[in-house]
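Let me begin by presenting the structure, written as structure tokens, before commenting on it.
Quick note on labels: first sequence line is chain A, next is B, and so on, each numbered from 1.
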Amino acid sequence: MRTSKFLLSTVRETPAEAETISHKLMLRAGMIRKLAAGVYNWLPLGLRTLRKVESIVRQEMNRAGAQEVLMPAVQPAELWQESGRWDQYGPELLRIKDRHQRDFCFGPTHEEIITDLIRREIKSYRQLPANFYQIQMKFRDEIRPRFGVMRAREFLMKDAYSFHANEASLMETYQTMYDTYSRIFARVGLEFRAVDADTGAIGGRASHEFHVLAESGEDAIALCNTCRYAANVELAPALPPMGKRDPATKSMQTVDTPNAKTIEEVSKFLKVDPAQTVKTLLVKGTGGAVALVVRGDHELNEVKAAKLPQVMKPLEFLTPGEVTLAAGCEPGSIGPVGLKITVIADESAARLSDFVCGANVNGKHLINVNWGRDLPEPMAADLRKVVEGDPCPDGGERNCAGKLTIRRGIEVGHIFQLGTKYSEAMNATCLDETGKSVIMPMGCYGIGVSRIVAAAIEQNHDDNGIVWPDAIAPFHVALVPIGYHKSAAVRETMDKLYADLTAAGLDVLLDDRDERPGVMFADMDLVGIPHRLVLGDKGLAKGMAEYKGRRDKAPRDIPLAEVVTQLQGMVKL
RNA sequence: CGGGGUGUAGCUCAGCCUGGUAGAGCACUUGCUUCGGGAGCAAGGGGCCGGAGGUUCAAAUCCUCUCACCCCGACCA
């Protein structure tokens with residue numbers, strides 16, 4: 001491709017709307033343009049990278065034996081009503097009506113559609129297992145789209161759905177997909193981790209998320225520093241503290257804590273360590289309100305809390321008015337002592353002695369509180385988010401002596417063992433060896449294709465712009481001639497290099513604009529082309545082209561005759 | 001959904017408080033010079049000041065309504 005025939009729409013100034021680096025760079029490099037909140041045009045440059053990611057995903061899915069299909073983006077409400085999700089899904093589901101006032105939605109995912117398709121097409125266990133995938137635009141009406149294509153409303157996703165005659169077969173395909181995903185992200189050239197995950201709204205049992213590690217990631221993930229344990233913080237178990245609770249040493253007292261409401265304010269006012277305090281959160285329960293108690297320096301893990309049988313799902317906090325009714329005070333002074341509702345304490349909070357908590361009277365707290373003496377022993381459960389330095393749970397046991405590190409990740413893939421959630425609701429069955437009708441267990445496997453593009457930039461950029469991994473670079477090589485329009489020799493040599501490199505299977509961008517070199521260098525760096533060749537009359541006289549890798553500090557000369565072979569060796573496809 | 005903010009040239013923004021009929025930089029067009037890290041000079045083109053209504057002799061500017069976009073919050077006890 002020549003820049004004179006390519007929409008290289010770079011901009012120097014950073015658009016006001018962009019916050020994250022990838023969003024800024026995608027706009028500046030001319031990869032995307034916003035059409036509406038969370039809805040983007042892909043320009044030629046951006047589309048080249050998107051297609052390369054897509055192609056890697058497609059190749060690896062095919063290699064794993066999955067079959068590509070294409071399902072409708074617009075889906076009739078009937079199927080969603082059949083699975084029960086028409087009512088379960090909130091405003092995130094974009095509902096639309098056709099001219100006959102029939103209900104449709106723009107598909108946020110395709111479990112219903114594939115289950116409907118397959119229950120009609122597959123009749124026998126002999127046709128199983130089977131795995132179908134598509135690469136398609138999805139629409140989720142996010143509360144707050146942000147970060148460009150990272151959290152967009154319309155986005156390109158690869159979703160796959162597998163069907164099985166039995167659970168063992170599902171496990172096998174699940175493992176194949178786990179391996180396939182690892183291959184995909186390794187090929188794209190990203191630093192990633194597979195982590196244990198919560199299944200969330202999709203439902204089902206086991207699930208793993210694939211995260212690209214990046215500071216700007218929206219998810220916190222817990223990694224062990226010694227073993228291979230990795231989990232989303234939402235899921236990572238906090239092991240109960242070792243040893244026994246210290247004995248009580250002082251008697252309980254009420255103290256005035258005017259205007260001190262948050263843990264920070266209270267611990268500062270009373271000059272105690274936040275770890276010696278507890279916070280009490282009131283949530284809606286299956287039988288009235290429930291008090292959840294965590295240590296002051298810990299945070300409630302809402303996913304864990306919502307899994308308690310006593311707690312309503314999804315987790316909902318009491319409104320300030322309801323808090324006053326249940327505790328007799330405003331939020332900021334609540335404590336577990338004397339509460340008439342169910343109290344559940346986090347393991348760490350239950351291990352405290354002589355601790356500080358709200359007094360259930362506005363502006364007052366209790367000090368030197370002790371479980372079993374000043375209030376009943378609490379029901380203890382794992383309620384908190386793990387923190388940096390917590391012991392590695394390694395499957396819930398203390399088999400590993402390692403400690404957890406918390407890192408940020410961008411979720412780019414998620415695989416689930418769905419089980420029979422959808423096949424049962426929609427009666428997707430087949431006949432087994434004995435001629436008996438069985439419900440097909442299912443798996444589902446998603447990859448955020450457009451999000452990978454943004455995640456790759458978050459992980460690969462510098463002050464001058466994007467630094468693409470070779471595998472997803474829009475072009476592998478940038479040819480920058482000095483004096484293309486002045487020197488016939490430069491022009492002829494560059495044109496020949498362009499032809500030879502292209503013939504060697506590389507994607508080449510020849511900058512044949514009549515621009516000053518500085519402009520061309522800046523543009524090639526900004527759009528992130530990983531390999532650059534510069535050639536002018538001076539180099540030509542020496543028979544040398546100047547090569548610079550995008551990450552290299554300084555350029556080096558390569559004999560013109562060796563350029564093609566050397567570059568072929570350097571570009572990692 | 002709650003709170004805050006912004007809509008003026010293709011982009012980034014000034015002008016608004018204190019009404020008087022439209023600006024800068026970048027980008028774009030033309031010419032000359034320049035030519036290895038986003039050039040200089042000169043001349044140009046380009047805006048129903050988001051939309052509707054109101055106040056006024058007069059509205060980008062004041063008032064009301066509306067739409068769009070951005071940010072923050074929805075773990076707070």
Side-chain angles (χ1 to χ4, degrees), chain A residues 8-20 23-24 27-28 30 33-39 90-91 143-148 233-234 257 260-266 277-283 289 291-294 296 298-306 314-320 322-324 326-336 339 346 356-365 383-385 463-465 480-487 490 511 513-527 532 534-539 546 548 554-555:
Chain A
L8 195 63
S9 231
T10 55
V11 286
R12 199 182 321 185
E13 297 191 68
T14 305
E17 69 194 59
E19 237 193 318
T20 50
H23 190 191
K24 285 178 189 166
L27 289 167
R28 287 228 291 133
R33 291 289 181 254
K34 187 176 72 173
L35 181 63
V39 178
I143 316 173
R144 187 141 89 87
R146 60 187 131 176
F147 310 147
V233 163
E234 287 179 344
T257 49
K261 292 190 171 185
T262 63
I263 290 295
E264 199 186 341
E265 289 161 0
V266 170
T277 70
V278 301
K279 52 185 164 190
T280 309
L281 301 100
L282 303 186
V283 300
L292 302 177
V293 180
V294 297
H298 287 150
E299 284 185 1
L300 178 70
N301 182 321
E302 295 192 20
V303 172
K304 289 178 184 173
L315 190 81
E316 228 183 301
F317 288 90
L318 296 195
T319 62
E322 291 167 331
V323 166
T324 309
C329 67
E330 289 166 18
S333 304
I334 311 174
L339 280 184
D346 177 67
V356 174
C357 66
N360 297 324
V361 178
N362 287 343
K364 290 183 191 299
H365 278 75
L383 290 179
R384 69 177 175 95
K385 281 188 184 169
D463 291 345
N464 293 328
V480 181
I482 307 294
Y484 188 83
H485 296 265
K486 296 260 169 59
S487 160
V490 167
D511 201 341
R513 294 175 296 177
D514 191 9
E515 281 289 358
R516 303 162 63 82
V519 173
M520 296 193 277
F521 293 151
D523 273 347
M524 295 304 113
D525 281 354
L526 175 60
V527 306
R532 186 184 79 188
V534 181
L535 185 71
D537 276 322
K538 274 182 275 177
E546 179 191 288
K548 183 176 171 299

Classify A:Arg532 by what it touches in the nucleic acid, base, sugar-phosphate, or nothing, heavy-atom distance under 4.0 Å.
base
Paired nucleotide for B:C35 [Watson-Crick or G-U wobble; both distances under 3.5 Å]
none
C1' atom, B:A27 versus B:C63: distance in rounded Å?
37 Å
Between B:G36 atom C1' and A:Lys486 atom NZ, what is the distance in whole Å?
13 Å
Please determine if a side-chain N or O atom of A:Arg144 lies less than 4.0 Å away from the OP1 or OP2 oxygen of B:C72.
yes
A:Ile263 CD1 - B:C76 C1' separation (whole Å):
11 Å
Between B:A9 and B:G15 - C1' atom distance, rounded Å
14 Å
Across every strand shown, the nucleotide meeting Watson-Crick or G-U wobble geometry with B:C13 (both distances under 3.5 Å) is B:G23
Mind calculating the distance between NZ (A:Lys34) and P (B:C70) to the nearest angstrom?
4 Å
Check: A:Asp346 side chain, A:Arg384 main-chain N or O, donor-acceptor pair, under 3.5 Å:
yes
Distance between P atoms of B:G10 and B:G50 (Å, rounded):
13 Å
Touch class at under 4.0 angstrom, heavy-atom based, for A:Asn301 against every strand present
nothing
Provide, to the nearest angstrom, the distance between the CD1 atom belonging to A:Ile143 and the P atom belonging to B:C72.
13 Å
Mind calculating the distance between CD (A:Glu13) and P (B:C28) to the nearest angstrom?
13 Å
Counting Watson-Crick and G-U wobble pairs only, both distances under 3.5 Å, name the nucleotide matched with B:G47, or none.
none
Taking the P atom of each, how far is B:C70 from B:U12, in whole Å?
13 Å
Under 3.5 Å: donor-acceptor pair, side chain of A:Ser333, backbone of A:Gly363
yes
Using the P atom in both, what is the distance from B:G44 to B:U55, to the nearest Å?
42 Å
Between B:A27 and A:Arg12, is there an OP1 or OP2 to side-chain N/O distance shorter than 4.0 Å?
yes
So, A:Asn360 side chain and A:Gly335 main chain: donor-acceptor pair closer than 3.5 Å or not?
yes
Could you tell me the Watson-Crick or G-U partner of B:A68, where both distances fall under 3.5 Å? Say none if there is no partner.
B:U6
For the pair made of CZ in A:Arg146 and P in B:A74, what is the distance, rounded to whole Å?
10 Å
Output the rounded distance in Å from CD (A:Glu17) to C1' (B:A68).
13 Å
Does A:Arg516 place a side-chain N or O at less than 4.0 Å from the phosphate oxygens OP1/OP2 of B:A39?
yes
Is there a side-chain contact between A:Val11 and A:Arg28, using heavy atoms and a 4.5 Å cut-off?
yes
Between B:A77 atom P and A:Leu300 atom CG, what is the distance in whole Å?
11 Å
Separation of the P atoms in B:C13 and B:G20, to the nearest angstrom
24 Å
